[in-house]
Every structure is written in structure tokens, then in C-alpha cells.
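Read through the structure below, which is laid out as C-alpha cells, and then see the notes.
Computed from a predicted model, the values in this text were never measured in an experiment.
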Amino acid sequence: MTEEIDGRETICDSVGSLVEGCRLPVKMRSSEDDWPLAEIISMRECKGHMLYYIHYVDYNKRLDEWVTEDRLDTRKVQFPRRDASGGGTTGVSTPKKQTAATHQNASSRPSSPVNSEMVNGNAVLAAALQKKISRKRKVTSASVDEDSQQEAPKDSVGTPRLTGSMVTHSNDVVTRMKNVEMIELGVNRIRPWYFSPYPQELVNLPCIYICEFCLKYRKSRKCLERHLTKCNLRHPPGNEIYRKDSISFFEIDGRKNRVYAQNLCLLAKLFLDHKTLFYDTDPFLFYIMTDLDDRGFHIVGYFSKEKESSQDYNVACILTMPPYQRKGYGKLLIEFSYELSKFEGKTGSPEKPLSDLGLLSYRSYWAQTILDILVNVKPTGENEKPQITINEICELTSIKKEDVISTLQNLNLINYYKGQYIITINHETVTNHMKAMEKRKIRIDPKCLHWTPKDWSKRAKW
């Protein structure tokens with residue numbers, strides 16, 4: 001039985017009335033007092049109890065989880081609203097009339113992975129946007145190069161293609177749900193954040209075991225141990241182009257080391273939400289950052305990069321592995337990508353959209369790098385103030401002009417004075433910058449980079 005209270009919210013006497021697409025307050029695992037609004041993505045029965053896969057509205061998807069009935073607040077339920085034609089939905093509302101038979105069917109029938117009728121308004125909007133993007137791709141496909149055509153997404157979720165650059169995926173129920181419970185990578189056990197298309201026979205297991213050197217996946221620790229007796233790798237299968245202290249970078253060609261690159265993309269997708277995967281890794285280079293000890297070179301993070309980018313992207317995807325996050329490695333990856341751009345004599349920018357954590361890291365890196373230039377610029381004459389142009393900042397840092405300007409605006413350093421724009425820095429900004437730079441213990445040393453850029457446009461074959 002349900003009771004309507006305001007045209008949108010309903011009091012439910014039974015959780016049997018709940019369907020996929022409903023929104024209601026749910027108790028967060030990490031807090032005793034927080035009951036944010038959440039949406040039911042999927043439902044399933046396990047050992048006689050119903051479980052609900054929920055997404056906390058306005059929260060990152062890495063917090064999505066399966067919850068039991070006792071964490072649901074059924075006093076304020078927003079039901080999916082069907083449109084006039086009876087197919088699809090137009091938002092969230094309360095059903096006007098439901099019979100006991102309807103409730104019984106809703107609670108007794110097994111839940112399907114994709115509910116074709118009960119889809120929330122956000123999903124409908126996302127699907128419409130995806131169709132618009134697809135149409136736009138078809139229109140422009142004649143004018144784009146062959147590499148871009150290879151990145152066109154396929155419709156089937158079951159047969160994804162992996163690529164170094166992951167394009168935005170459609171908002172379907174399957175990819176919205178985490179499908180891997182746990183992975184073991186080296187000495188670390190990590191709980192994944194997002195969906196990744198590992199083989200179906202593996203995602204049903206409690207843990208996937210991954211070789212930290214070649215990134216091949218196995219179904220048990222015993223299988224992994226057998227693999228390790230045969231695996232000769234102790235570092236990524238590419239050229240070591242940088243080493244300082246224990247930090248090394250390896251360059252991997254997505255064509256020459258295709259299997260490794262595909263396994264890397266599968267692993268990365270567990271921690272990158274706004275992207276989907278494709279199997280074509282040929283147009284990409286992968287730069288793997290590792291930490292060396294007596295057992296070998298352990299993967300810390302990576303970024304991928306198009307061999308040829310028409311939009312001057314110097315990073316396609318970037319990730320610091322969870323055990324190494326919040327230790328300065330993210331900025332080190334970003335700094336290394338710009339160091340490569342300096343060697344190429346180009347300015348670069350990361351491919352958009354960035355993840356929430358990626359955007360924070362980039363904004364912080366841009367701010368610190370640009371402030372470091374401004375703080376240390378010297379005046380040309382005795383009584384003159386220091387002068388530098390935005391173009392000069394771009395040349396010194398290899399940061400794209402629009403990123404330099406947006407960073408200066410975010411820092412409130414650009415002012416309009418006597419008919420021209422000037423950059424002004426106060427003492428507090430300088431002090432805060434110096435404190436931030438002191439915390440950056442690990443930096444890229446250009447003298448330790450041994451790398452010659454290739455002109456991929458002149459190469460007949462990758």
C-alpha cells in the first residue's frame with residue numbers, strides 16, 4: 001500500500017512497492033546521520049532478502065553500493081513517472097493508482113538488469129544527448145581522419161573495444177553498476193569504484209587476481225601463482241625513458257604491446273567513470289609510472305596520449321592507482337606529460353572531460369606552475385616592475401593558452417587597469433604558494449628524461 005502526500009512523494013507501507021528508478025532517502029555506510037536522496041538502479045534477491053543497488057543523487061558514482069531494506073527510508077519515495085503514451089518516463093512522481101495485484105507482481109517477479117519501462121528522467125535526458133552526439137559523429141565522419149573513425153563507439157556493452165582514449169559512455173543500467181567486487185594487484189587489495197568489462201566468468205567471483213607486471217587477470221591466487229612462475233616481466237614491456245631515485249617512466253606503444261595496453265585500459269576503467277573502453281589501442285602511447293624495489297617496478301599510475309592529436313591533447317586518460325593517491329604522484333604524472341610537451345616544443349592540454357579528481361589535480365598543478373613563473377620573474381630594468389606575457393607563460397610551461405587564462409581568472413590575478421589587463425599578485429598569494437611548493441617532495445628532473453619525440457604524421461606505419 002502507498003499513500004500520496006504531495007503529488008511527488010509517497011509513504012510506502014512495504015518495500016515491495018519499490019521499483020527500479022524510485023528515489024528515496026538512504027542511509028550512507030560512512031555516516032550514522034546522513035540520509036541523502038538516492039536512486040534505485042537495480043534490485044535482486046539474495047538468500048531470501050532483497051538487495052538494492054543505489055546511486056546517491058549529487059554524489060560521485062564511486063559511492064554507489066548494494067544496500068539492504070533496513071537502510072531505506074520509505075516515508076518519502078519518489079516513483080518514476082510514465083509519460084502519456086505509456087512508454088518511458090518523463091520524471092519522478094507518484095503513481096496515481098496501484099492495485100494489490102500490481103504490488104504483488106512488482107515484489108515477486110525477478111529483477112532484470114535493464115528495466116525498459118522504469119527509467120528515470122536523467123537517464124532519458126542522457127540517452128537523448130547520446131543520440132545527438134552519435135548523429136553529430138555520423139555527420140562529421142567523412143571529414144575526420146582514420147584514427148578518429150576507429151574510436152567510434154559500438155552499441156553493444158557486451159563486446160566493448162579498448163582504447164587509450166576512453167570516450168563518454170551511454171548512461172545504461174549495466175555500465176552504471178559496479179561489477180567487480182575486489183581486485184588483488186601485487187600486495188594491495190583494492191575495491192573498484194566503477195564498471196569495467198572484464199569477462200563475465202570473472203566478475204561473479206569475490207576477487208580478480210591481476211599480475212602487477214604484465215596486468216593479466218586470473219580467477220584465483222593459485223592461478224596467479226602459476227602464472228608468476230612463467231611471467232618473466234618485472235617492469236612494463238616498453239622503453240624506460242626516465243629514472244630518478246626509485247621513480248621510473250616506461251613508454252608503451254599501443255600497437256607493439258597491444259595486449260598489455262588493453263589489460264591496462266581494463267584495469268584503469270575500474271577507477272575512471274566518465275569513460276568507456278574500446279579495443280583499438282594502436283593510435284596511442286602509454287606512459288607508465290613505476291616505483292622500484294627489490295621485487296621489481298610496481299605500477300603507480302599512467303597516462304595515455306594520442307600519437308597524433310589534432311587538438312593538441314597531451315593526455316587522453318590519466319590515473320593514479322588508489323594505493324598511491326594523495327601522495328603527490330598525480331601531480332608528478334601531470335608534470336611529466338608537460339615535460340614531454342616541452343621536448344616536443346608544443347603546448348598541450350588534457351582531453352576533456354576530466355574526472356572530478358583529475359580536474360582538482362590539474363587546477364592545482366596549473367596554479368602552482370604558473371604562480372612559480374610569476375613569483376620568480378625578474379624586472380628588466382632597475383625601477384621597472386617584472387613583466388611577462390601570457391604567451392611567454394605558455395612557452396615556459398607548455399600549458400595551453402586557454403588553461404593559463406582560466407587559471408589566472410580562478411586565482412583572481414587578472415585585473416583591468418588603465419585600458420589594459422594586468423596580472424597582480426599580493427603577499428598572501430605568494431606566501432600560500434611557497435607553502436604549497438614545500439609540500440611537493442617529488443618533482444620531475446628534466447635531466448633524467450632520455451627521450452626523442454617521433455613525428456608520427458611522417459611515419460607510414462605505427
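Looking at Ser304, its side chain does come within 3.5 Å of a backbone N or O of Cys317 through a donor-acceptor pair. The backbone N or O of Leu360 lies less than 3.5 Å from no partner atom in the side chain of Ser364, so there is not a single donor-acceptor pair. Checking side-chain atoms of Asn60 against main-chain N and O of Arg62 turns up a donor-acceptor pair under 3.5 Å. Side-chain N or O atoms of Asp372 include none that pairs as donor or acceptor with a backbone N or O of Gln368 at under 3.5 Å. A donor-acceptor pair under 3.5 Å is absent between the side-chain atoms of Glu69 and the main chain of Leu51, judged by distance alone. The closest donor-acceptor contact from the side chain of Asp73 to the backbone of Val26 lies at 3.5 Å or more, if one exists at all. Using a distance-only test at 3.5 Å, with no hydrogens or angles considered, no donor-acceptor pair links the side chain of Thr290 to the main chain of Phe297. A donor-acceptor contact shorter than 3.5 Å is absent between the side chain of Gln262 and the backbone of Val259. Listed for the Thr429 side chain is no donor-acceptor partner under 3.5 Å among the backbone atoms of Ile425. Between the side chain of Asp293 and the backbone N or O of Gly296 there is at least one donor-acceptor pair closer than 3.5 Å.
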Check against side chain to side chain contact (heavy atoms under 4.5 Å, CB included), Ile247 and Tyr329:
CA-CA 10 Å; Ile247 297 296; Tyr329 291 113; 3.7 Å; yes
Carefully, step by step, assess Asp33 and Lys27 under the rule salt bridge (Lys or Arg N to Asp or Glu O under 4.0 Å).
CA-CA 8 Å; Asp33 303 320; Lys27 183 181 178 183; over 6 Å; no
Criterion side chain to side chain contact (heavy atoms under 4.5 Å, CB included) on Leu205 and Met182, from CA distance to verdict
CA-CA 9 Å; Leu205 299 173; Met182 189 78 71; over 6 Å; no
For Val187 and Arg295: C-alpha separation, side-chain torsions, deciding distance, then whether side chain to side chain contact (heavy atoms under 4.5 Å, CB included) applies.
CA-CA 11 Å; Val187 297; Arg295 292 187 299 115; 3.7 Å; yes
Leu413/Thr407 under side chain to side chain contact (heavy atoms under 4.5 Å, CB included): CA gap, chis, key distance, verdict
CA-CA 9 Å; Leu413 298 183; Thr407 301; over 6 Å; no
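In summary, Glu39 and Arg176 engage in a salt bridge, as defined by a charged side-chain N under 4.0 Å from a carboxylate O. Residues Asp282 and Arg258 are paired through a salt bridge, judged by an N-O separation under 4.0 Å between the basic side chain and the carboxylate. Salt bridge absent: Asp356 and Lys61 never bring a charged side-chain N and a carboxylate O closer than 4.0 Å.
Interatomic distance, Ile393 CD1 to Leu408 CG, rounded to the nearest 0.5 Å: 5.5 Å. For the atom pair CD1 of Ile388 and CD of Glu395, the computed distance is 9.5 Å after rounding to the nearest 0.5 Å. For the atom pair Thr424 OG1 and Ile414 CD1, the distance stands at 9.5 Å (nearest 0.5 Å). One distance of note links CZ of Phe286 with CG of Asn257; it measures 10.0 Å at 0.5 Å rounding. Here the straight-line distance linking atom CD1 of Ile183 with atom CG of Leu266 works out to 11.0 Å at 0.5 Å rounding.
Leu233 and Cys214 get closest at one heavy-atom pair: CD1-CB, 3.8 Å. Closest heavy-atom contact between Leu185 and Glu212: CD1-CA, 3.6 Å. Taking every heavy atom of both residues into account, Lys178 and Asp64 meet most closely at NZ-O, 2.6 Å. Between Lys346 and Ser398, the shortest heavy-atom contact is O-OG, 2.9 Å. The minimum heavy-atom distance linking Lys305 with Leu340 is given by the pair NZ-CB, 4.2 Å. Tyr194 and Lys269 make their closest contact through CB-O, 3.9 Å (heavy atoms, listed as atom of the first residue, atom of the second, distance).
Residues Ile399 and Ile370 meet the side-chain proximity criterion, which asks for heavy atoms closer than 4.5 Å. Considering only heavy atoms from C-beta on, Leu224 comes within 4.5 Å of Cys211 through its side chain. For the pair Tyr302/Met321, no side-chain contact is recorded, criterion being any heavy-atom separation below 4.5 Å from C-beta on. Leu63 places a side-chain heavy atom less than 4.5 Å from the side chain of Met28. Phe303 is not listed as a side-chain neighbour of Ile334, based on a closest heavy-atom distance of 4.5 Å or more. Side-chain contact between Tyr338 and Asn314 is present, with at least one heavy-atom pair separated by less than 4.5 Å. Side chains of Ile299 and Pro236 form no contact here, defined as non-hydrogen atoms less than 4.5 Å apart. The shortest side-chain heavy-atom distance between Lys401 and Cys394 falls under the 4.5 Å cut-off.
For Lys244, the salt bridge (Lys or Arg N to Asp or Glu O under 4.0 Å) criterion is met by Asp445, not counting sequence neighbours. Partners of Arg218 under the salt bridge (Lys or Arg N to Asp or Glu O under 4.0 Å) rule, at least two apart in sequence or in another chain, do not exist in this structure. With sequence neighbours left out, Tyr209 forms a ring pair (Phe, Tyr, Trp, His ring centres under 6.0 Å) with no residue at all. For Arg71, the salt bridge (Lys or Arg N to Asp or Glu O under 4.0 Å) partners two or more places apart in sequence, or in a different chain, are Glu65.
Heavy atoms from other residues, nucleotides or ligands lying under 6.0 Å from CE of Met434 number 12 at most. Heavy atoms from other residues, nucleotides or ligands lying under 6.0 Å from CZ of Phe343 number more than 12. Dense packing is recorded around CD of Glu201, with more than 12 heavy atoms of other residues, nucleotides or ligands lying under 6.0 Å away. In this structure, Gln387 places its CD atom where only 12 or fewer heavy-atom neighbours from other residues, nucleotides or ligands lie under 6.0 Å away. Remark: Lys216 NZ is loosely packed, at most 12 non-hydrogen atoms of other residues, nucleotides or ligands lying under 6.0 Å away.
In summary, the aromatic rings of Tyr198 and Tyr217 are positioned with their centroids under 6.0 Å apart.
Under the salt bridge (Lys or Arg N to Asp or Glu O under 4.0 Å) criterion, the residue pairs touching residues 311-339 are Asp312-Lys400, Glu335-Arg440, Glu335-Arg443, Glu339-Lys342, with sequence neighbours excluded. Every pair passing side-chain hydrogen bond (donor to acceptor under 3.5 Å, both in side chains) that includes a residue from residues 219-237 is listed here, sequence neighbours excluded: Glu184-Arg221.
Between the side chains of Asp70 and Thr68, at least one donor N or O sits under 3.5 Å from an acceptor N or O. When only modelled atom types and interatomic distance are considered, Tyr313 and Glu351 share no side-chain donor-acceptor pair under 3.5 Å. For the residue pair Ser406 / Asp403, no side-chain donor-acceptor distance below 3.5 Å is found, with atom types taken as modelled. With 3.5 Å as the limit, one finds a donor-acceptor pair spanning the side chains of Glu240 and Ser248.
Between Tyr242 and Phe249, the ring planes lie perpendicular to each other; the angle is over 60°, past the 30° to 60° tilted range. Tyr56 and Tyr59 have perpendicular rings, their planes meeting at more than 60° on a 0 to 90° scale where under 30° would count as parallel.
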